[in-house]
There are 2 protein chains.
Amino acid sequence: MRVLVVEDEVRLAETVRRGLGDGGFAVDVVHNGEDAVWIATENAFDVIILDIMLPKLNGYKVLEELRRRGVWTPVLMLTAKDGEYDQSDAFDLGADDYLTKPFSFIVLVARLRALIRRGGPERPVILTAGDLSLDPARRRVERTGQEIPLTPREYGLLEFLMHHRGDVTTKSEILGGVWDPAFEGDPNIVEVYVRYLRNKIDVPFDRHAIETVRGMGYRLAHDGG
Amino acid sequence: MRVLVVEDEVRLAETVRRGLGDGGFAVDVVHNGEDAVWIATENAFDVIILDIMLPKLNGYKVLEELRRRGVWTPVLMLTAKDGEYDQSDAFDLGADDYLTKPFSFIVLVARLRALIRRGGPERPVILTAGDLSLDPARRRVERTGQEIPLTPREYGLLEFLMHHRGDVTTKSEILGGVWDPAFEGDPNIVEVYVRYLRNKIDVPFDRHAIETVRGMGYRLAHDGG
DNA sequence: ACGACCGCTGAGAAACTCCTGAGTGTCAAG
DNA sequence: CTTGACACTCAGGAGTTTCTCAGCGGTCGT
């Protein structure tokens with residue numbers, strides 16, 4: 001689940017990044033409106049958290065520009081209580097939800113989930129690979145109807161692989177998409193989590209659902225193993 | 001897609017190198033301004049990532065010097081937030097885009113793609129030679145729809161030959177393009193890998209897809225053997 | 001035909017990648 | 001305080017890939 005956070009207050013941005021990261025979201029942060037338009041145009045995020053007060057291009061302009069460019073990713077706007085803009089403006093411009101600062105983190109996550117669940121009409125709500133299924137809205141993974149409990153990291157990894165199902169993804173891509181983009185630890189962590197996942201989702205005596213492509217990365221089979 | 005990274009912070013340079021490398025870019029890294037001018041003048045890069053704070057010759061001087069020499073490769077500058085230079089200076093001097101450190105890797109790649117796209121016509125996404133096909137995005141090679149698994153080196157060699165398909169490429173060119181430009185080992189390695197490739201991609205009882213041109217080098221036939 | 005050169009080949013050493021089990025640190029619940 | 005869940009680190013080992021090397025055979029100029 002990829003989230004773009006557009007927020008110029010570094011402290012707040014970091015808090016949100018960490019919190020959502022722990023919640024299993026892959027978070028990218030940009031600090032001004034221009035970058036926001038760029039990155040949101042070039043990448044497919046599941047939801048965008050957009051502050052109004054921004055350097056270079058304020059939140060309303062960003063939203064306007066995105067919609068003009070045909071980017072219909074759900075947007076949750078952050079409005080200040082005392083701002084010059086009225087909250088209802090957000091809806092007028094095509095925001096899908098808004099939150100007044102300061103906000104509770106729990107509320108933020110709940111609203112995000114709701115937005116994602118509503119989602120875009122074009123995106124299938126439930127990802128599947130063979131008899132493996134993953135429901136992003138409920139963060140639930142099943143094999144033949146049987147729930148498989150996963151930790152947040154495991155879930156993040158599986159969701160990432162599901163999105164790229166059939167393609168080889170490199171360890172760096174996985175690190176960038178599932179861990180913090182600036183993660184500087186041992187890349188071996190990917191191998192370790194692939195193993196954890198395999199232990200949970202593989203069918204005994206069957207081949208791995210997650211195939212190792214030596215020297216390249218990993219690929220989740222279309223038929224889920 | 002060749003990228004030159006000019007960055008003196010070794011850690012950051014390495015991160016960028018690895019990330020872009022996995023993204024299918026051929027990455028060269030230099031750590032100071034003088035080397036940057038030299039290598040960028042002598043080679044045809046598709047885009048240059050240029051840090052401002054550099055030993056010997058700072059980023060602005062490098063850019064100035066390159067333009068003076070008639071090198072018009074698109075340049076993306078990395079500016080520090082607290083630097084003495086203003087970001088708008090970058091545009092004045094002929095930079096095509098800039099990014100403020102610290103930056104998100106995703107943003108970097110998106111900007112690069114955009115720059116390259118602006119710079120020239122899109123390259124064909126899938127390379128073919130007869131019933132051989134190579135998909136750079138998926139790092140996947142097929143013959144009549146049947147996947148042929150290759151090691152990273154074998155893949156690199158085949159991709160190189162595919163790019164020069166129909167032309168004779170010398171052993172030195174291959175060494176420079178597929179191995180590290182500073183490779184100092186036995187050039188016989190090329191012959192060895194041509195053989196490995198032939199064993200995997202040739203059709204039995206047919207002529208070699210990779211033709212030997214004695215005294216010159218190798219040529220990949222347009223019709224793939 | 002002969003020697004010099006060039007590319008081909010098989011074997012094996014060296015380097016690397018990935019897997020795995022064990023262990024540390026943190027945090028929250030009991 | 002203890003326990004357990006989770007995220008992550010680390011080191012050893014198996015297997016693969018990369019590279020080196022030496023001998024062989026074909027080709028070319030003389």
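Throughout, protein chains are lettered first and strands after them, A, B, ... in sequence-line order, and every chain is numbered starting at 1.
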Short side-chain to backbone donor-acceptor contact, [X] and [Y], under 3.5 Å:
X      : Y      : answer
A/R165 : A/M162 : yes
B/R143 : B/I201 : yes
B/T170 : B/G217 : no
A/D46  : A/R2   : yes

Separation between [atom1] of [X] and [atom2] of [Y], rounded to the nearest 0.5 Å:
X      : Y      : atom1 : atom2 : value
A/D167 : B/R140 : CG    : CZ    : 9.0 Å
A/D28  : A/L20  : CG    : CG    : 11.5 Å
A/K171 : A/T169 : NZ    : OG1   : 11.0 Å

Just to confirm, is there a sub-4.0 Å distance from OP1 or OP2 of [N] to any side-chain nitrogen or oxygen of [X]?
X      : N      : answer
A/W179 : D/dC8  : yes
B/T151 : D/dT18 : yes
B/R153 : D/dC19 : yes

Problem set entry | Six-ring centre of B/Y193, B/R153 cation under 6.0 angstrom, axis tolerance 45° | no

Return the value, rounded to whole Å, for the distance between atom [atom1] of [X] and atom [atom2] of [N].
X      : N      : atom1 : atom2 : answer
A/E154 : D/dA5  : CD    : P     : 13 Å
A/L150 : D/dC6  : CG    : P     : 10 Å
B/I174 : D/dC19 : CD1   : P     : 14 Å
A/N199 : C/dC19 : CG    : C1'   : 11 Å
A/L197 : C/dC19 : CG    : C1'   : 15 Å
B/Y193 : C/dT9  : OH    : P     : 16 Å
A/Y155 : D/dC6  : OH    : C1'   : 18 Å
A/H208 : C/dC19 : NE2   : C1'   : 9 Å

Got a list of protein N/O to nucleotides 22-30 of chain C N/O distances below 3.5 Å?
none

Exercise. Would you call the rings of A/H164 and A/F160 parallel, tilted or perpendicular if under 30° counts as parallel and over 60° as perpendicular?
Worked result: tilted

Mind listing the N/O atom pairs, protein and nucleotides 13-18 of chain C, below 3.5 Å?
residue	atom	partner	partner atom	Å
C/dT17	O4'	A/R214	NH1	3.4
C/dT17	O2	A/R214	NH2	2.4
C/dC18	OP1	A/G215	N	3.1
C/dC18	OP2	A/K171	NZ	2.5

